[in-house]
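A short worksheet on the structure shown next.
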Amino acid sequence: MDSNVDNESSDSFGWDTEDEQEFMSPSGASPRCFGNGAVGCSDEASSSNGTLISHFVGMGFSRDMVCKAVNDNGEGDTDAILEALLTYSALENSPSEMERIAPGGEQFLSDLSSSESEGDFLDDFSDEDYLGSEDNDGNLSEMDETLKQLVRMGYPAAEATIAMERCGRDASIAELTDFLCAAQMAKASDAQLVELPRFGSNEGEVPVTNLQNVGIIFRGSILSSYFALQRRRNYFNGNPRKKKTFYADDYWERKRQKRRERCRDPDEEVDSTIFPNPMIGFGIPAEPWRRHLRTLPNEAIGPPYFYYENVALAPKGVWSRISSFLYEIQPEFVDSKYFSAAARKRGYIHNLPTSNRFPLLPIPPQTIQEALPMTEKWWPSWDSRTKLNCIQTSLASARLTDRLRKAVEDSNNDPPLTIQKYVTEQCRKWNLVWVGRNKLAPLEPDEIESLLGFPRNHTRGISRTERLRGLGNAFQVDTVSYHLSVLKEMFPSGMTVLSLFSGIGGAEVALHRLGIPLKAVVSVEISETNRNILRSWWMTTNQRGNLIEIDDVQKLDSDKLEQLINSFGGFDLVIGGSPCNNLTGSNRVSRNGLEGEHSSLFFEYFRILNQVKVIMANYS
DNA sequence: CCGATTATGAATCGGCCT
DNA sequence: AGGCCGATTCATAATCGG
């Protein structure tokens with residue numbers, strides 16, 4: 001069991017001595033934010049004091065402010081320094097300094113959609129935004145406490161201050177985080193030039209984040225800078241302790257470093273994701289070869305555990321973006337071809353322990369011919385495939401398979417190389433299998449169910465098209481179960497699960513097949529047919545717990561979450577894969593990236609996870 | 001309207017070469 | 001370093017028939 005994950009659920013968000021040691025350690029990976037902008041005070045050029053100041057400057061505080069805080073509190077007490085800095089920020093917030101100092105900020109701004117007005121980022125922090133903060137002496141300590149809490153949750157001081165101004169003095173933490181999350185979602189919608197997001201649907205509007213406020217945000221283009229702030233937030237979250245290598249052998253870290261060095265401009269942000277080769281994440285059942293030891297940031301440690309999934313081969317920058325919202329945890333990239341007879345390259349971001357995983361039994365067939373025995377008889381020797389490619393949502397047309405049949409038939413038993421190449425190319429592209437002499441066919445839904453680890457007939461009873469869509473969007477159960485297997489001994493009496501974008505219930509099936517009782521499942525799924533499939537499975541498997549179904553993820557606001565957490569005593573696991581429609585390479589029409597119409601729902605996952613954490617923290 | 005069928009490339013990666 | 005090439009990819013939209 002991972003002691004570093006399981007035992008460190010202490011409440012202290014501050015910097016303990018261990019962190020400080022890591023931070024001071026010269027061998028620690030130096031965070032990017034220690035770059036150009038970090039200028040020390042006049043007299044501490046090479047001392048540890050300089051590093052300390054750089055550290056806080058890298059977090060986004062102005063140099064002057066940091067110097068003052070250090071002078072006032074001494075360099076030994078980092079906690080006191082932080083507290084002082086937060087107080088200063090609340091009083092005389094100087095975001096211009098922060099923006100100037102945070103390296104990569106400009107770079108990131110220029111990365112934003114060009115449709116964004118190029119209005120100066122600093123304009124967003126015009127005077128009136130801060131007027132209110134100058135006359136607050138009476139309840140300073142109270143505000144300070146709130147601000148501190150928000151910063152400890154990872155929000156930058158400047159952003160938290162704005163939220164507090166907008167939401168009012170006595171806004172709760174939940175309301176404030178609502179505001180901050182709403183800003184991100186509005187940003188996502190903004191990038192699409194669609195109408196204002198539907199906040200606070202029918203039941204009980206979300207506090208403060210009403211349309212008027214969102215409109216203000218739009219016009220004030222605060223949102224255009226929001227992601228820059230978000231980035232800065234990551235500097236905060238991502239400082240030394242987190243930049244520690246995630247692998248004991250730091251193989252991938254070195255590889256990243258290598259790529260960074262290859263880059264012409266060393267200051268330029270290298271925004272590429274390195275895939276492990278072979279793509280086996282933290283190991284697979286057959287070969288858990290890499291000893292890995294990762295250290296999660298305190299903010300990422302549960303409860304609840306969380307598990308997020310999406311396609312590995314997303315457009316450039318998407319995964320680093322997703323990571324930046326999920327505590328900078330590096331995705332675990334795994335190809336399900338190491339778990340089944342079909343490939344499925346996916347990235348998983350989670351805060352689960354990674355030791356002592358075990359696979360589902362029985363181990364499913366690992367080759368096409370084993371999984372589909374009837375094909376072996378017709379399989380030509382010149383088709384060398386043993387694994388299928390990724391199962392998608394649509395199949396090859398009958399016209400295509402007919403063309404291929406003719407092409408092979410014409411050349412009788414021994415087609416020329418050109419034909420062989422053409423046919424195998426099409427076979428790989430469309431995942432065709434040999435089902436007769438010279439006869440190719442796409443997979444049947446039954447076969448796909450089996451390949452993905454679902455019980456037989458799991459999706460039976462709905463239209464074939466819907467069935468294929470549901471399956472094509474589903475988890476590979478053996479793969480996910482392997483990752484979730486560590487939960488079994490931790491929750492012998494069962495789990496309460498929040499399942500977002502449940503689809504046909506891959507997460508539920510995975511937990512069930514592991515033998516983990518489902519005490520309660522709150523499932524959010526927009527498709528009615530998918531909900532029917534999951535409910536039907538729930539009944540068929542005689543589940544004894546409660547299944548709560550929610551159709552629209554936006555209905556799951558903080559009030560609803562609070563109510564659910566109240567009645568279930570919190571969630572043990574928040575699991576889900578957000579829509580990949582705008583990320584996957586098979587989309588020829590609208591591969592728009594993370595801001596896409598469907599894929600931007602990732603921010604709902606982020607929002608809900610955060611709100612669950614906040615609410616649960618208040619209850620414990 | 002529902003369901004089935006069909007045609008529709010580009011982005012990105014790794015590997016190899018010069 | 002940089003170019004070429006093979007390989008891969010949780011899809012969308014138009015159309016047709018019932």
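So you know, we letter chains A, B, ... as the sequences are listed, proteins then strands, and number each from 1.
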Self-check item: Basic-acidic side-chain contact under 4.0 Å: Arg535(A), Glu528(A)
Solution: no
Quiz item: Are Tyr305(A) and Leu487(A) close enough that some pair of their side-chain heavy atoms sits under 4.5 Å apart?
Solution: yes
Self-check item: Distance-only donor-acceptor test, Ser394(A) side-chain atoms vs dA11(C) base atoms, 3.5 Å
Solution: yes
Self-check item: Base-pairing mate for dG18(C) - Watson-Crick or G-U, with both contacts under 3.5 Å
Solution: dC1(B)
Self-check item: Rounded distance in Å between the C1' positions of dG9(B) and dG6(C)
Solution: 16 Å
Quiz item: Is the shortest side-chain N/O distance from Asn581(A) to OP1 or OP2 of dT12(C) below 4.0 Å?
Solution: yes
Practice problem: To the nearest Å, give me how far apart CD (Gln426(A)) and C1' (dT6(B)) are. | Solution: 14 Å
Self-check item: Salt bridge present between Asp410(A) and Lys406(A) (N-O < 4.0 angstrom)
Solution: no
Quiz item: Closer than 4.0 Å, any side-chain N/O of Ser586(A) to the OP1 or OP2 of dT12(C)?
Solution: no
Quiz item: When you check the phosphate oxygens OP1 and OP2 of dT9(C), does a side-chain N or O of Thr584(A) lie under 4.0 Å from one of them?
Solution: no
Quiz item: Considering Watson-Crick and G-U wobble pairs with both distances under 3.5 Å, what does dG9(B) pair with?
Solution: none
Quiz prompt | Between dT8(C) (P) and Lys337(A) (NZ): distance, integer Å | solution = 8 Å
Quiz item: Quick one: Asn582(A) CG to dA13(C) C1', roughly how many Å, whole number?
Solution: 15 Å
Quiz item: Think Arg344(A) has a side-chain N or O under 4.0 angstrom from the OP1 or OP2 of dC10(C)?
Solution: no
Self-check item: Sub-4.5 Å side-chain heavy-atom contact between Val522(A) and Phe571(A)
Solution: yes
Quiz item: Taking the side chain of Arg588(A) as heavy atoms from C-beta outward, which of dT6(B), dG9(B), dT12(C) is closest to it?
Solution: dG9(B)
Practice problem: Quickly work out the Arg467(A) CZ to dT5(B) C1' distance and round it to whole Å. | Solution: 18 Å
Quiz item: Rounding to the closest angstrom, what is the interatomic distance between dT8(B) and dT9(C) at atom C1'?
Solution: 15 Å
Quiz item: Do Leu556(A) and Leu498(A) have side-chain heavy atoms sitting under 4.5 Å apart?
Solution: yes
Quiz item: Below 4.0 angstrom, N of the basic side chain to O of the carboxylate: do Asp446(A) and Arg467(A) qualify?
Solution: yes
Quiz item: Relative to each other, are the rings of His483(A) and Tyr307(A) parallel, tilted or perpendicular (30° and 60° limits)?
Solution: tilted
Quiz prompt | Selection from dC10(C), dG14(B), dG3(B) that lies nearest to any side-chain heavy atom of Thr393(A) | solution = dC10(C)
Quiz item: Using a cut-off of less than 4.0 Å, is there contact between a side-chain N or O of Arg469(A) and OP1 or OP2 of dT12(C)?
Solution: yes
Exercise. Could you tell me whether the phosphate oxygens of dA7(B), OP1 or OP2, come under 4.0 Å of any side-chain nitrogen or oxygen in Ser397(A)?
Key: yes
Quiz item: If you look at every strand shown and take non-hydrogen atoms under 4.0 Å, does Ser578(A) touch a base, only sugar-phosphate, or nothing?
Solution: base
Quiz item: Using a cut-off of less than 4.0 Å, is there contact between a side-chain N or O of Arg428(A) and OP1 or OP2 of dT8(C)?
Solution: yes
Quiz item: DNA chain B: Arg591(A) or Ala398(A), which has the more 5' nearest nucleotide?
Solution: Ala398(A)
Quiz item: Which part of the nucleic acid does Cys390(A) contact within heavy-atom distance under 4.0 Å: base, sugar-phosphate only, or nothing?
Solution: sugar-phosphate
Quiz item: What distance, rounded to whole Å, do you find between the two P atoms, one in dG14(B) and one in dC10(C)?
Solution: 16 Å
Exercise. Report the nucleotide, chosen from dT8(B), dG3(B), dC10(C), that has the shortest atom-to-atom distance to any side-chain atom of Asn473(A).
Key: dC10(C)
Exercise. Give a yes/no on whether any side-chain N or O of Lys429(A) is located under 4.0 angstrom from OP1 or OP2 of dT8(C).
Key: no
Practice problem: Establish whether the base of dC10(C) is bridged to the side chain of Arg346(A) by a donor-acceptor pair shorter than 3.5 Å. | Solution: yes
Quiz item: Atom CG of Asp335(A) and atom P of dC13(B): how far apart are they, to the nearest Å?
Solution: 16 Å
Quiz item: So, is Asn587(A) close to the dA13(C) phosphate, meaning a side-chain N or O under 4.0 Å from OP1 or OP2?
Solution: no
Practice problem: Give the rounded distance in Å between these two atoms: CG of Leu594(A) and P of dA11(B). | Solution: 18 Å
Exercise. Could you tell me the separation between the CD atom of Gln420(A) and the P atom of dG6(C), rounded to a whole number of Å?
Key: 17 Å
Quiz prompt | Between dA10(B) (C1') and Asn592(A) (CG): distance, integer Å | solution = 13 Å
Quiz item: Hey, which of these two, Trp430(A) or Pro315(A), hits DNA chain B nearer its 5' end, going by closest nucleotide?
Solution: Trp430(A)
Exercise. Side chain of Thr465(A) only, please: which of dT9(C), dA7(B), dA4(B) is the nearest?
Key: dA4(B)
Practice problem: Could you say whether Lys421(A) or Glu309(A) is positioned toward the 5' end of DNA chain C, judged by the nucleotide with the nearest heavy atom to each? | Solution: Lys421(A)
